[in-house]
Each structure stands twice: as structure tokens, then as C-alpha cells.
Number of protein chains: 4
Amino acid sequence: MSAVAPGLKPRKSPVQARSAAAVEALRVAAIQVLTQEGLSCCTTTRIAERAGVSVGSLYQYFPNRDALLAAVLEKHLDGIAGVVDHACHAHRGKPVSQMAAALVTAFLAAKLRDPEESKALYAIAGERGGAELVARMRIRIVAAITAMLASAPDAHFDDPAMTGAVAFSALAGSVRTLLEGQAPGGFEARLEGQLILLMTAYLETHRRPASPRREAP
Amino acid sequence: MSAVAPGLKPRKSPVQARSAAAVEALRVAAIQVLTQEGLSCCTTTRIAERAGVSVGSLYQYFPNRDALLAAVLEKHLDGIAGVVDHACHAHRGKPVSQMAAALVTAFLAAKLRDPEESKALYAIAGERGGAELVARMRIRIVAAITAMLASAPDAHFDDPAMTGAVAFSALAGSVRTLLEGQAPGGFEARLEGQLILLMTAYLETHRRPASPRREAP
Amino acid sequence: MSAVAPGLKPRKSPVQARSAAAVEALRVAAIQVLTQEGLSCCTTTRIAERAGVSVGSLYQYFPNRDALLAAVLEKHLDGIAGVVDHACHAHRGKPVSQMAAALVTAFLAAKLRDPEESKALYAIAGERGGAELVARMRIRIVAAITAMLASAPDAHFDDPAMTGAVAFSALAGSVRTLLEGQAPGGFEARLEGQLILLMTAYLETHRRPASPRREAP
Amino acid sequence: MSAVAPGLKPRKSPVQARSAAAVEALRVAAIQVLTQEGLSCCTTTRIAERAGVSVGSLYQYFPNRDALLAAVLEKHLDGIAGVVDHACHAHRGKPVSQMAAALVTAFLAAKLRDPEESKALYAIAGERGGAELVARMRIRIVAAITAMLASAPDAHFDDPAMTGAVAFSALAGSVRTLLEGQAPGGFEARLEGQLILLMTAYLETHRRPASPRREAP
DNA sequence: AATGAATGAGAGTTCATTCAT
DNA sequence: GATGAATGAACTCTCATTCAT
């Protein structure tokens, strides 16, 4: 229906732009409501209200409430996965100690950027549909870690996928504990150091005994 | 835990016995419903139905739905905490490697004894009230670990509470991931070994450099 | 269980005595609960509890909740009616001014002896069954008043029943207002005087102009 | 009350009109249910059903059941108070006998316009919240009566507020009795005359002894 | 497209009443 | 008889979803 801007890249039509804006507003509103009022107050009406659109419109963009919440969760998880992905790519071929530090740092940075949001989304992650998204994201991240580990020059992992999975689980679990429980004072501050320590110790368990270069058959 | 002296007192009046049976039936039913139908289907009606009692009876034993779910969660957490507590006590003064193995083994044994139950209860843990119970249990377990660590003859922890907290978080988080996501094949089987490896590596990070007795300045 | 005093009047059997005690306890308990916790808290369980008997027993003495409440109301109304009845009998043949004063005084004394109770019972009076009891009591009292009025030496009432009904309505209504609304300060204190004034004025409206015997045309 | 100028503005937006219609339908339905089935059958479901709207809609207009009933009562009481208020204003400065007649006539006319409604609302008046509304209305009416009495040229009231309160209580109480009890035949018909008699007698009790004009000190 | 009033199934909870003990 | 746990219909209220405007 809209006349596309003459020439360059196909922009979103005005209609689509409006849609996109509304969708984004709903996403942000959902997080705010979730954060400030809790899951049980996170009704479609409240979200729409906060987003400044009508409930009717909400249902134009999402088939139902769960789809909206899933979308919110998915975007969040995508962000996390992207950051970790990137860090893993960037540290291929580096020594495992650097890998460990990079992994921890990247994940913490991503997850703690908006702690309230991260915390609130755990509530969604447990709901129908959430588990699957989390599983997908986990697979993606573990794959990235696995690939990184496999490229380590100073270590050999018999089963890098397993090691990666355990490493990520430990990391994600620790952060979850931090966010969910009111962590004891100073916990947050020193968590990063401790996690790097933990991660490094775990990965270096697999360190290659001697100069690996030449003799790999 | 104690074997009752054979043949003696009936221990509970018939009335209490019926009550206890109903309460237990409700507890089990709640876990079943949670497991098989999810948190949002876990209504008082459904639980009572499954337990074979009427809703009215449910409310005779629990003041409201949340109290029932909290009771279920609390019993579960108490079981876990008891096992870990016990293991920590039993390994005071042992080398850290044994501590690590014992901690991992005890926690896994407790948490994976009924995986469905454990999994289902994560859903409750996020609800209002659940978080507090989890926090309490965490504090109790971390305290036990901390005390154990502080007694290690072959390591010195500057901040055993921090180390204990991180160790537990990593452990609990890994198991959660295992239970929540459909873990990749074989994950469960080798998880215990990997977690022992992880835990040991982390704790031995703090190993006392040499024979500690004589040369401490 | 007790040995009945040998000989004289047929006492209630022990069983009946127990029943009577329980019934009375329930009656009193109902009033207390009604007074202290309100009609919506006036459940059979609560009443039985307060009376120190079991719900089961309550249902041995009363076929259902409404019957219990009706019994409570009935006894209350009987008390009131009795007092007024008595006063009316005692003032037959007296001047109307004395009748007015006696009526007001008797009714107020009866109704305000336990204001809380009186007030609480208005709640029952509106429920199914209550209205009928109230109507019956009204009829009884109005009859007594009517008879008294008809005997007045210094007045003549064309329709003493009508006059009696209006007089009683006004009286009962005023007291109800006093009890229900938080009456303005001092209202209670001077109500009696004002009501006597009102009643006297109303009844003296019908005063026989002169020596009544002879000259009635 | 005013005839809307023909053909002009729709006065209410369609939305508001629908709302208003629903609210009014609920009000009427509540009175009908109360009248025909009693307070204990006056449930939100039943009211909504009778009003031809869904329960959900009921809760869109009233925060809860009590609020709906209170609204119904309030409107009724406002109507009564308005009529009495008006009559009192209109009879300031008139002789007390006219005041008495006007007060009785106005109140009866208002209260007996829809006797079923009036009767049904007594049930609400006793519930939590109802008492307060009744008290407020009472205060308003008594104030109006008091002001009227104070303006009487042919009587002097030492405490017009007290006299007003008693007068109103007697009046309201009599009517209540009429409506609640199945009044004896003909009662209603002659009640007005009797109440005027009663009221007049009571008020004239305070008649100023002699020609008041000149000698007011 | 956008709106938000209307819907009604279904949730949690209560309580008069019964009946096995 | 007395008991009080068990019952379940019925109540109030919520909220995801629809659809006339």
C-alpha cells in the first residue's frame, strides 16, 4: 500500500514502521510491568496500557499473551547469546586462561547490564514455551563455547561439547543465584573474579602436557 | 530415620493419621500435577482431585494455595539441605579433593533422586514465597560448605564463605540446567565426573603451597 | 447421670438438662459472635466453637443455621414483648399520660438493657424467617397497647388498634435509629423524655373533651 | 428533568451511553433480585444475569459487590433526602402544623413511591457500608428539619436538632414498620393521617405560649 | 487499523451440612 | 450422643480474548 522510498534499500513501509514501534513498545512495557509489578500483575491489559496501545492492538501483533512474553524472552536471550557468541569467536586459538576470562566477562556483562530485566525474565523462562527458547539459546551458546575450546592451542578436550556444556551451566547457574537470591554483600563485586578463577581452573584441567605443535599425527 | 520400636504405641491417633495421609496425598498430588500439567494448571481443584480429597479438605490443611505449594517446596529443600549438610559435616578435616567429590555426589544424589519432582519445583521456587525458602536453604547449605572448607588441612581459603557460595551456585546451577533443558544425551551420565573435576579444580586453586606446618613464618 | 431428687415435679431428665444447657450456650454464643464479629462471621462453626460444643451437636438441637438464629431472635423478641405486655396490663384504666410514659419507659428499658444485642439482632430480623417473627411480636405488642388504650378513662380512641400500631411503630423506629446510627451525642440521654413527650402528645390528641359519661350525644 | 433540545447534540458519546445503560440496568436488576429473591440470593451472577450483562461487565462498573449495592442504596437515599430537603426549605417560616403535614407527606410520598424498592433496600442498609450511608442521609435530613423548625413563627424549640432528630426517627421508623411487616389492612391508607396527627401534636408541644410578636424581650 | 467494552470460563476460597468414628 | 473431618455447591472476582464500532 505504501509507496516505497524511491531508490535505495527497501525500508519498512510506514505501516510496518508503526507496527515495529508498537511491537517494541509492547516488549519494553512487558519488561517494565514484569520488573515493577511481578508476573502475576503482568496482564495483557496492563502491558498494553503501559505501552500506550490498546489491548486490541496487542492482539494484532501477537496471537496471544504467551507469544508476547516469549518474544520478550527470545530477544533477551538472543542478546545474551550474541554477546557470548562474539566473545567465543574472538578468542578462538587463544590460551584457555584467556578463553575462561573472556567467557565469564562477556556473559556477566550481558546478563548484568540490566539485572532487573534478567531477573524478571527467569519468571517467563519457566512458563510453557520459555523452556524451549532457553534450551535453544543454550545449544547455541554451548556450540560457540565448544568451537572455541576445540581451538585451544594449549589444551586438549576429549569432549569439548561436554566441557562447554558444564562450563556454561556452572556460569549461568551462578549468575542466576546471584540475581534471584539477594546475594550476600560483596558477592556481586567479587563474583567475576571468582568465576574466572573457577572457569580457568576447570579448563586448565585439560591443559596439554607438552609442546603440542609438531607431533600431532 | 529411626526404626520405631516394634509393636509399641500407634504414634498417631487415627485422626492425626488420616490428616497426615491427606496432607501427604496433597503434597504428592501437587508434585504430580506440577510435573504433568505445569504450574498454570496446578490449581487447588486439580490438586485436590488428584489427591482424592475435596477442595474443602485441602483448605482444612493449608490456609491457601500458596501455602500448599510452599510446604511442598520446603519439604523438598529441607531434604536436599539435610543431605548436603550431612555430607559437609562428614568431610570436615578431609583433603579438599575429597570435599569436592563428596559435595558433588551428595547434592546430585539428593537432587536427582526424583528428577521430575526436582524439575517441577523450580516452577514454585520462582513464585512469591518460594524465593525466600530457596534463599534460606541456600544460606544453610552455604554455611555448611563454608564450615567444611575452613577445616581443610591442605588448603587455605581467605574467604571461605565466598568460595562456598560460588561453589554451591555453580553446582546448583549446573544441575538446574540439566533438569530444565532436556540435557543432551549422555550429559547426565558424565555430569557427576565433570562436576567433581570442576569442583576439585576450583577448590585446589587454594591449595596450601607446601607442607604448611613448619615453614609458616 | 445424676440421681434425680426423689419425688417431686417431673424434672427434665439429665439428658434434657444437658440439651437445655447446650441450647442456651449456643444462643448466647450466637449473640456474642453476632455482636463482636458481625453477621458475616456468624457461621455455625464459629458459634459452636464459642459455645464450646461441636458443630455436630449444634445440628442436633437446630435443624439448620436459620433455625438457630431464629430461636435467638425469638427469645429476644419474647423478652421485649413480655415487658411491654406487662406494662400495658399494669396501666389499664390509667390516664393516657401515664400510659404514654409507661409504654416508652418499658420499651426503652427492655430494648436498651443490652444495646449491643439489640443492635446485632436487627441483622437477623431482616433475614428470611426473621420478618415473620418480628411481625408476630409486633402484633402481640400492638394488641397489648390497643387493649390498654381502649381502657383509658380520659380519652376515646375511634380506632385504638390503629393508634396503637402507629404509636408502637414510632417508638420502635426511633429506638432502631438510635441503635443503628451512631446517634448524635446526648441523643440517648434525652431520648426517653422526648419520646414520652411525643407519645403523650399523640395520645392526648384523643382526649375526651369533658366528663365523658353522660353527654355523649 | 429537562427536555433536551430536539435534535441537538447526542449528549453522551455512544460509549458513555452504553455504560450508563449498563449501570442503570444493573441498578434496577439489583433491586429486582433483592425484592424477589432476598439478600442472600442477591449475588453478582444473579444480578448480572437479570440485567442482561455479563459478570465481567458488572465488575467493569463496580469494584465489587458491596460497591454495587451501596450505589443502589445511595441513589435511593439521595432521592428521599432530596424530596425531604426540598419540602423543608419550602416550609420555612410556616406554622408548625403545616411543617408537620409537609414533612410527613413528602417523606411518605418519596418512600412509598416504589414500596418494593424501599423495602428491599432495608436489607442493604444493615450491611457494612450501608449503615454509613444511612447515617449520612439521616444527618442531612435532620439538618433540613432542624433548620425548618428553627424558623417556626408560632413555636420555640429549645433544641431544634433534638426535636428534629426525634421527629425524623419516629417518622422513618413508622414507615419501616409499615413496609417490613405486612401491615394490617388499611394501615397504609390511614397512616398518613395518623402520622400528621402525631407529628403535629409533637411539634405543637413547643407552641409559643402567647402572641409572640411584640413582647420578644 | 485501532479501540476498549463485553465476555465468560475458571480460579481461589468459604461454609452449611453430613456421617463415620 | 458427641465429634469434627470431609464434602462440594456456590460465591466473588480476574483476565485472556473477541468484535462492534
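In the text below, chain A, chain B and the rest are named by the order of the sequence lines, each starting its count at 1.
Distance C:L26 CG to E:dA16 P: 14 Å, rounded to the nearest Å. Across the protein-nucleic acid pair, B:L39 atom CG and E:dG12 atom C1' stand 14 Å apart, rounded to whole Å.
For D:V55, whose side chain is taken as the heavy atoms from C-beta onward, the closest listed nucleotide among E:dA9, E:dA5, E:dT13 is E:dA9.
Taking the salt bridge (charged side-chain N to carboxylate O under 4.0 Å, His left out) definition, one finds that B:E127 meets it with B:R65, sequence neighbours left out. For A:E117, the side-chain hydrogen bond (donor to acceptor under 3.5 Å, both in side chains) criterion is met by A:H76, not counting sequence neighbours. With sequence neighbours excluded, the residues forming a salt bridge (charged side-chain N to carboxylate O under 4.0 Å, His left out) with C:E74 are C:R136, listed by chain and number. When the salt bridge (charged side-chain N to carboxylate O under 4.0 Å, His left out) test is applied to C:D114, no partner is found at least two apart in sequence or on another chain. Residues passing the side-chain hydrogen bond (donor to acceptor under 3.5 Å, both in side chains) test with B:Q60, sequence neighbours excluded: none. C:D66 meets the salt bridge (charged side-chain N to carboxylate O under 4.0 Å, His left out) test with no other residue; sequence neighbours excluded.
Of the residues in residues 45-54 of chain B, B:V53, B:S54 come within less than 4.0 Å of DNA chain F through at least one heavy atom, sorted by number. Residues from residues 59-71 of chain A with heavy atoms under 4.0 angstrom of DNA chain E, sorted by number: A:Q60, A:Y61.
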Going by atom type alone, with no hydrogens or angles, which donor-acceptor pairs under 3.5 Å involve a side-chain atom of residues 51-59 of chain A and a protein atom two or more places apart or on another chain?
| unit_1 | atom_1 | unit_2 | atom_2 | d |
| --- | --- | --- | --- | --- |
| A:S54 | OG | A:S57 | N | 3.3 |
| A:S54 | OG | A:S57 | OG | 3.2 |

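The residue B:S40 sits apart from the nucleic acid: no heavy atom pair falls under 4.0 Å.
Listed by first and then second residue, the salt bridge (Lys or Arg N to Asp or Glu O under 4.0 Å) pairs that reach into residues 27-36 of chain B are B:E24-B:R27, sequence neighbours excluded. Each salt bridge (Lys or Arg N to Asp or Glu O under 4.0 Å) pair with one or both residues in residues 31-45 of chain D, not counting sequence neighbours, appears once here: D:E37-D:R46, D:E37-D:R50.
Comparing A:G56 and A:C42, the nucleotide of DNA chain F nearest to each residue sits closer to the 5' end for A:C42. Each of D:L58 and B:C41 was assigned the nucleotide of DNA chain E with the nearest heavy atom; the assignment lying further toward the 5' end belongs to D:L58.
A stem is defined here as three or more consecutive Watson-Crick or G-U pairs, each with both distances under 3.5 Å; for DNA chain F these stems are E:2-21 with F:2-21.
Here D:S57 reaches the OP1 or OP2 of E:dT7: one of its side-chain N or O atoms lies under 4.0 Å away. Between E:dC15 and C:T44, no contact under 4.0 Å exists linking OP1 or OP2 to a side-chain N or O.
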